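Worksheet for the structure shown next.
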Amino acid sequence: MKKNTRVFHISDKTYEDQVREAASILRAGGTVAFPTETVYGLGADALNEQAVMQIFEAKGRPADNPLIVHVDSKESCLKLVRAIPDKASILMEIFWPGPLTLIMERKEIVPDVTTGGLETVAVRIPENKIALELIKYAGIPIAAPSANLSGRPSPTTAEHVLSDLSGRIDALIDGGGVSIGVESTVIDMTSEIPAILRPGKISKEELETYIGEVQVAYDDKVHPESETVRSPGMKYTHYSPKSGVILVEGEHDNVVSRIKELIDDFSLRNAKTGLLLTEESKSEFPVHLSYSIGEKDKPEQAAKHLFFGFRYLDERNIDVIIVDGSFKPDGIGMAVFNRVRKAADMIIKV
Ligand code: AMP
Ligand code: MG
């Protein structure tokens, strides 16, 4: 199924017409990629089975990996879930629109294909003007996973979406780069103590300020397919470049020396390396192919640049990406480490 992917470039003059046109494609059961504040999403009518199936087909996503449904109001969310638990209601007030996905019990109207057959549904309101208008004009809830081929790094620019999905989706709205760069925090609100299933910009500590104790139900491993896990996404390789990935974690000086050793080892074996560095380590590797993910004490920069960096190096035909893991694991830094560890073939602690 080869599609002719239409690209809407957003400029102020044509803004509204373009988004309306994209919304009509969604209403007709088509697939449209669009920017959110986290990463680009690939949207389809969440209540239309045929439409949602096209998302799975375009991405090559395993059928049991459920999608996040994007809405533009709490009222629209109420149409999808049986009830909104009190704590979920508090989180909605504080964090929506924003990078927080809440899992609640679904109503029958949400089809199995959207929830991967689960009795729960994941919902959020994104904080991005284009995304919100698109949902509003479409007038339907929009199921939207990240707009990448399954297993590849999530897209943070329109170019990334096209490089994975051109010819596989009906349209793309090019709204420039995203502001956060890693996917939303996912929290399961159906258990007595709510549980984080995926880390994101909104941290455990932040959530606990408003609703008390929160469990951590994720880890940084890829689980075997035979295992029963709380979130099907935990079983699948994610975020991975084509090249091998080695993560070197530790203090700046130790990380730099170990990366130098690794480069020497690989060059003896004629393997080409590319580096994802921090601003602080950049000057140590002046001639080596590298990409900076930002200052080590500002993990929000690492969040914004990580997937871009993976793709940038991947395009340069290297064998191994070595990641400088000396950036702070605080707040969103935890989410960045989670993505890199899952992508890594080897983790070295120094
Ligand atoms: P993506 O849409 O690519 O950002 O991935 C969505 C993530 O949310 C995946 O890790 C899913 O497994 C997880 N998820 C979505 N819906 C549910 C649900 N009902 N229960 C548990 N995890 C879910
Ligand atoms: Mg994804």
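All ligand and atom numbering here is 1-based and tracks the order in the structure. All figures in this text were calculated on a predicted structure; none of them were measured in a lab.
The nearest N, O or S atom of S150 is not closer to the Mg ion (ligand 2) than 2.8 Å.
Under 4.0 angstrom from ligand 1, the non-hydrogen atoms of R198 all belong to its side chain. Neither the backbone nor the side chain of E105 comes within contact range of ligand 1; no heavy atom lies under 4.0 Å. Contacts between D188 and ligand 1, counted as non-hydrogen atom pairs separated by less than 4.0 Å, are absent for every part of the residue. Under 4.0 Å from ligand 1, heavy atoms of T120 appear from its side chain as well as its backbone.
Taking the side chain to side chain contact (heavy atoms under 4.5 Å, CB included) definition, one finds that A122 meets it with I68, T101, I103, sequence neighbours left out. Scanning for side chain to side chain contact (heavy atoms under 4.5 Å, CB included) contacts around A335 gives V182, P199, I332, R339, with sequence neighbours left out.
Ring geometry for F337 versus F327: interplanar angle under 30°, hence parallel rather than tilted (30 to 60°).
The distance between the ring centers of F308 and H160 falls below 6.0 angstrom.
Using 4.0 Å as the threshold, N65 has a heavy atom nearer than that to some atom of ligand 1.
Considering all non-hydrogen atoms of both residues, Y137 and V19 come closest at CD1-CG1, 3.7 Å. In plain terms, the two heavy atoms of G29 and A51 that are nearest each other are O-CB, 3.5 Å.
Taking the side chain as every heavy atom from C-beta outward, E133 and Y15 approach each other to under 4.5 Å. Using a 4.5 Å cut-off on side-chain heavy atoms (C-beta onward), R341 and K221 make no contact.
Residue T115 has no nitrogen or oxygen atom sitting less than 3.5 Å from a nitrogen or oxygen atom of ligand 1, judged on distance alone. Residue-to-ligand polar distances place R61 within reach of ligand 1: an N/O pair is separated by less than 3.5 Å.
Atoms of ligand 1 lying under 4.0 Å from at least one heavy atom of R230, given by number and element, are 21 (C). Numbered from 1 in the order shown, with element, the atoms of ligand 1 that lie under 4.0 Å from a heavy atom of L118 read 18 (C), 19 (N), 20 (N). Residue-ligand proximity, L197 to ligand 1, at heavy-atom distances under 4.0 Å covers atoms 21 (C), 22 (N).
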